[in-house]
Amino acid sequence: MDLLAGLNDKQKEAVLHIDGPCIVLAGAGSGKTGVLTKRIAHLVDKGIEPNNILAITFTNKAAGEMRNRLNDMLPNFAGSWIQTFHAACFKILRMDIDKLGYDKNFTIIDDNEAKNLIKAILKEENDYETKPEYIHYIFKNAKNSLENYESYFANLSEPLEEKNKYFSLFNTYNFRLKELNVVDFEDLIVLCIKLFENFPNVLEKYQNWFKYIMIDEYQDTNYAQYMWAKLLASKDGNIFIVGDPDQSIYSWRGAEPYNINRFLKDYPNCKVIKLEKNYRSTQTILTAANSVIKHNESFIEKNLYTDKGEGEKIVRFCAGDSFHEAAFVADTISELAAKTNREFREFAVFYRTHAQSRAIEESLFRKNIPYNIVGAHKFYERKEIKDIIAYLRLAINNNDKLSFERIINVPRRGIGDKTVEKIENYANEKNLTVLEALEYVEDIPALGKKVTGKLQEFYGMINYFAKLAEDDAAVAEIIDEVLNMSGYIQDLKDSGQPDAQTKLENLQELKSLSLEFADEEENTLEDFLARVALVQDIDDVDNDNTVVLMTYHGAKGLEFPIVFMTGMEEGVFPSYRSDSVEDIEEERRLCYVGITRAMEQLFLTNAESRLLYGYERSNQPSRFLEEIPEDLLSTYTRHGKPIVKAVVGIRVFHKKFGAGLITDIIEDGEIAIIDFDQAGERMLRLDLAPLEKLI
């Protein structure tokens, strides 16, 4: 296979680079995934062992795509270190975390479980005022900072009493995590760094293992991820990073776009390659993106271009309110799908927050347009899925009290909170795990005979699942046993719940996912649970024929033929919370990301007034709209005719309809207005009215 076929000169330069540090500044849609994949293939072709190559991506989806491409290029490709940051750290900790005082069968808790643990600690402290969500946010930042924790909390801009309280809670939280033999997402990286720093021989082992290190989306790394990569690359310096500072949109997750500047300082002699040719979008879309992002002071000079031609102009539409904006989106999708035989999966609608989706959902529903909301309620967050996952987690980690408490009475076994408290007290007294305490359940005082029998039955069942895992039974087989032996399936069937069938289907889908997982190289139950724990929102994007609804943040890394960017208003996008130059620049980068997701057509919509967060307000058009040259824009008309005598969004008074807003131009000289009934409610009728009858 000719690895260089179809590559432009800059892509070839990146693929052929072997030794020494290199940074590739890759613009949106510039083919960076292909470059990364072909560089790996080129290294293997030069005699580098696949497992000596560490390739880090930010999503499971991107890692999977890279592995699939490599398998097409290199039959029997055996590299297993194409991973996300967290997945790679999980694999390393699985081998060496016992050096830090954890058992190797540790499990991972998600953010919701971490918040629940914090909530339980606050309850123990009789603190009902402190918000677990805020504490969790502080804890995440503390870990990602890699600072001395005492210094970190001392430097918080909080009263001294609050600082001391937070630091005490933080210590208790980390003690509980270790006691339960669980780690949170931040721990995966922080503990890995601690392992490298405290045990130089372990670091040297992985430095010798990973001769070549590649990191995608480097602009999204936080400080801990930057340090992790720096430690691994500090021996040979063969580190190859790909990033685009203009797509850094995750500061709220701790991402630091100036990690790219840190990289340039760490490796002053590194090679710098710019990928500016775009293979995704039309030139009109790219020119708009270039025009917007150049308003950022932090902009690094690069100019996206394409061979795809100018393409259609970008449509700018001003609606009367958010409901009319939603109606416009639904109407346009319906018409384009009908007239151009587009599939619904070719359309995406972006918004700044999920709260904006309601009106869009209602309009799509009225038009019978199927849609899928990404990131609103993930598959793995559904109750029935989390219940079964808890059974599996407890089977491999007997210390996992969080999972124990979740499922000990699911389905109902007549085991209440007081019984659970007695079990946990006994476990603490005897220095046992909660599950081990059930082996001696007859010695626990004040438990009835019936409850004792149920607990013994539960104990035997979990041990049976654990034995299946130890014997390397297929994950699908273990899930089958859990569903049936626990009585979960039968309980759902007998429940009479209106959504019982949907829940049963979701559980079958979990089994389907485990069957797919069986083809993975590392397919133990522990690996499956880690995969589930590390799923991101973007991994939920499926291939069903549905319109995709998602936030601008969720759209990162995706592309769609037709994109609607909604809510383009001051106070919405950019967000009302953006009150500094840095905040506005990040919002502008987010706009740049949104624009560059579009391949063929782009619609930009705003509303004169918007009902959001419980009240209605008037908003000025987003400054980002004004940063796009007018010659790239056209105003939407139902029949494609230009507006000559009226402008969408202008308030008017019509002899027949009264006060209202121009909402659409049907043909030259005819308009559609949105009028008001006697109660002052806006009606979404599209009434034709000759322009000359306007007063």
Side-chain angles (χ1 to χ4, degrees), residues 4-15 22-39 57-59 61-62 65-66 69 216-220 241-249 257 260 272-296 298-315 346-348 350 538 548 552-553 555-565 588-604 624 627-629 631-633:
L4 303 182
L7 299 181
N8 63 44
D9 290 343
K10 290 297 182 180
Q11 289 175 326
K12 289 177 184 176
E13 185 180 357
V15 168
C22 179
I23 178 171
V24 177
L25 296 173
S30 58
K32 64 182 178 62
T33 302
V35 166
L36 284 165
T37 308
K38 289 190 174 183
R39 181 172 185 261
T57 72
F58 263 82
T59 67
K61 184 176 181 180
E65 180 182 351
M66 198 178 294
R69 289 193 188 191
D216 192 12
E217 305 287 9
Y218 195 77
Q219 77 281 348
D220 291 333
I241 70 167
V242 178
D244 181 3
D246 295 330
Q247 296 188 68
S248 180
I249 59 174
I260 287 180
V272 179
I273 302 170
K274 291 184 181 180
L275 301 184
E276 297 173 295
K277 184 173 182 179
N278 178 283
Y279 294 88
R280 174 189 299 154
S281 307
T282 64
Q283 189 59 55
T284 295
I285 291 169
L286 297 180
T287 302
N290 289 332
S291 299
V292 170
I293 200 61
K294 284 179 180 178
H295 285 78
N296 272 1
S298 60
F299 170 69
I300 294 179
E301 186 63 39
K302 66 180 185 305
N303 199 52
L304 297 179
Y305 68 93
T306 184
D307 293 337
K308 295 184 72 172
E310 292 298 319
E312 297 189 38
K313 285 192 173 186
I314 296 167
V315 173
E346 298 181 61
F347 298 88
F350 303 157
I538 193 173
V548 175
Y552 290 99
H553 283 99
K556 177 78 181 299
L558 302 176
E559 60 183 33
F560 303 91
I562 302 175
V563 166
F564 292 81
M565 293 176 60
R588 188 175 281 112
R589 292 194 293 268
L590 189 57
C591 181
Y592 173 82
V593 166
I595 293 172
T596 53
R597 300 310 96 195
M599 301 166 68
E600 300 171 24
Q601 286 184 273
L602 177 63
F603 293 81
L604 308 174
F624 306 144
E627 293 168 359
I628 299 175
D631 63 341
L632 301 179
L633 301 170

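This is a predicted model, so every value here is computed, not measured. Every heavy atom of this structure was used, including side-chain atoms; hydrogens, water molecules and symmetry mates were not.
- Listed by first and then second residue, the salt bridge (Lys or Arg N to Asp or Glu O under 4.0 Å) pairs involving residues 303-312 are Lys277-Asp307 (not counting sequence neighbours).
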Report the C-alpha separation of Val292 and Cys591 in whole Å, then their side-chain angles, then the decisive distance to 0.1 Å, and conclude whether the side chain to side chain contact (heavy atoms under 4.5 Å, CB included) test is met. CA-CA 8 Å; Val292 170; Cys591 181; 4.3 Å; yes
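- With rounding to the nearest 0.5 angstrom, the CG atom of Asn303 is 10.0 Å from the NZ atom of Lys274.
- Here the SG atom belonging to Cys22 is positioned 4.0 Å from the CD1 atom belonging to Ile273, to the nearest 0.5 angstrom.
- You'll find the side chain of Ile249 reaches within 4.5 Å of the side chain of His553, heavy atoms only.
- The shortest distance between side-chain heavy atoms of Ile628 and Leu604 falls below 4.5 Å.
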Quick one, Asn296 with Arg589, criterion side chain to side chain contact (heavy atoms under 4.5 Å, CB included). Give me CA distance, side-chain angles, the key distance, then yes/no. CA-CA 8 Å; Asn296 272 1; Arg589 292 194 293 268; 3.5 Å; yes
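- Proximity of Thr33 to Arg69: side-chain heavy atoms (C-beta onward) are separated by under 4.5 Å at one or more points.
- Judged purely by atom type and a 3.5 angstrom limit, Asp216 has no side-chain atom pairing as donor or acceptor with the backbone of Phe58.
- A 4.5 Å side-chain heavy-atom check between Ile285 and Thr596 finds every atom pair outside the cut-off.
- Counting only N and O atoms by type, the side chains of Gln11 and Glu13 include no donor and acceptor under 3.5 Å apart.
- A salt bridge does not link Asp631 with Lys313: every distance from a Lys NZ or Arg NE/NH1/NH2 to an Asp or Glu carboxylate oxygen is 4.0 Å or more.
- Between the Ser281 side chain and the Ala598 main chain, a donor and an acceptor come within less than 3.5 Å of each other.
- Side-chain atoms of Ser248 come within 3.5 Å of backbone N or O of Gln219 as a donor-acceptor pair.
- Between Val35 and Leu275, the closest side-chain pair of non-hydrogen atoms falls below 4.5 Å.
- Comment: Lys294 does not engage Glu627 in a salt bridge, judged by the lack of any side-chain N to carboxylate O separation of less than 4.0 angstrom.
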Verdict with reasoning, Tyr218 to Val24, per side chain to side chain contact (heavy atoms under 4.5 Å, CB included): CA-CA 10 Å; Tyr218 195 77; Val24 177; over 6 Å; no
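- Using cut-offs of 30° and 60° on the angle between ring planes, the pair Phe560 and Phe350 is perpendicular.
- Rounded to the nearest 0.5 Å, atoms CD (Gln283) and CG (Leu632) are 9.5 Å apart.
- For Arg597, the side-chain hydrogen bond (donor to acceptor under 3.5 Å, both in side chains) partners are Gln247, not counting sequence neighbours.
- A search for ring-ring contact (aromatic ring centres under 6.0 Å, His included) contacts involving Tyr592 returns nothing, not counting sequence neighbours.
- With contacts defined as side-chain heavy-atom distances shorter than 4.5 Å, the pair Leu7/Lys38 qualifies.
- No side-chain heavy atom of Leu25 sits less than 4.5 Å from a side-chain heavy atom of Asp244.
- Pairing each heavy atom of Ala289 with each of Ile595, the nearest pair is CB-CG2, 3.8 Å.
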Tell me, with the steps shown, if Asp246 and Arg588 meet salt bridge (charged side-chain N to carboxylate O under 4.0 Å, His left out). CA-CA 9 Å; Asp246 295 330; Arg588 188 175 281 112; over 6 Å; no
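- A salt bridge links Arg280 with Glu559: the closest approach of a Lys/Arg side-chain nitrogen to an acidic carboxylate oxygen falls below 4.0 angstrom.
- Within the model, atoms CD of Glu600 and OG1 of Thr282 stand 8.5 Å from one another, a figure rounded to the nearest 0.5 Å.
- Counting heavy atoms from C-beta outward, Val242 and Leu36 have side chains that approach closer than 4.5 Å.
- Between the OG1 atom of Thr284 and the CD atom of Gln601 there is a distance of 11.5 Å, given to the nearest 0.5 Å.
- Here Met66 contributes atom CE and Thr37 contributes atom OG1; the two are 4.5 Å apart, rounded to the nearest 0.5 Å.
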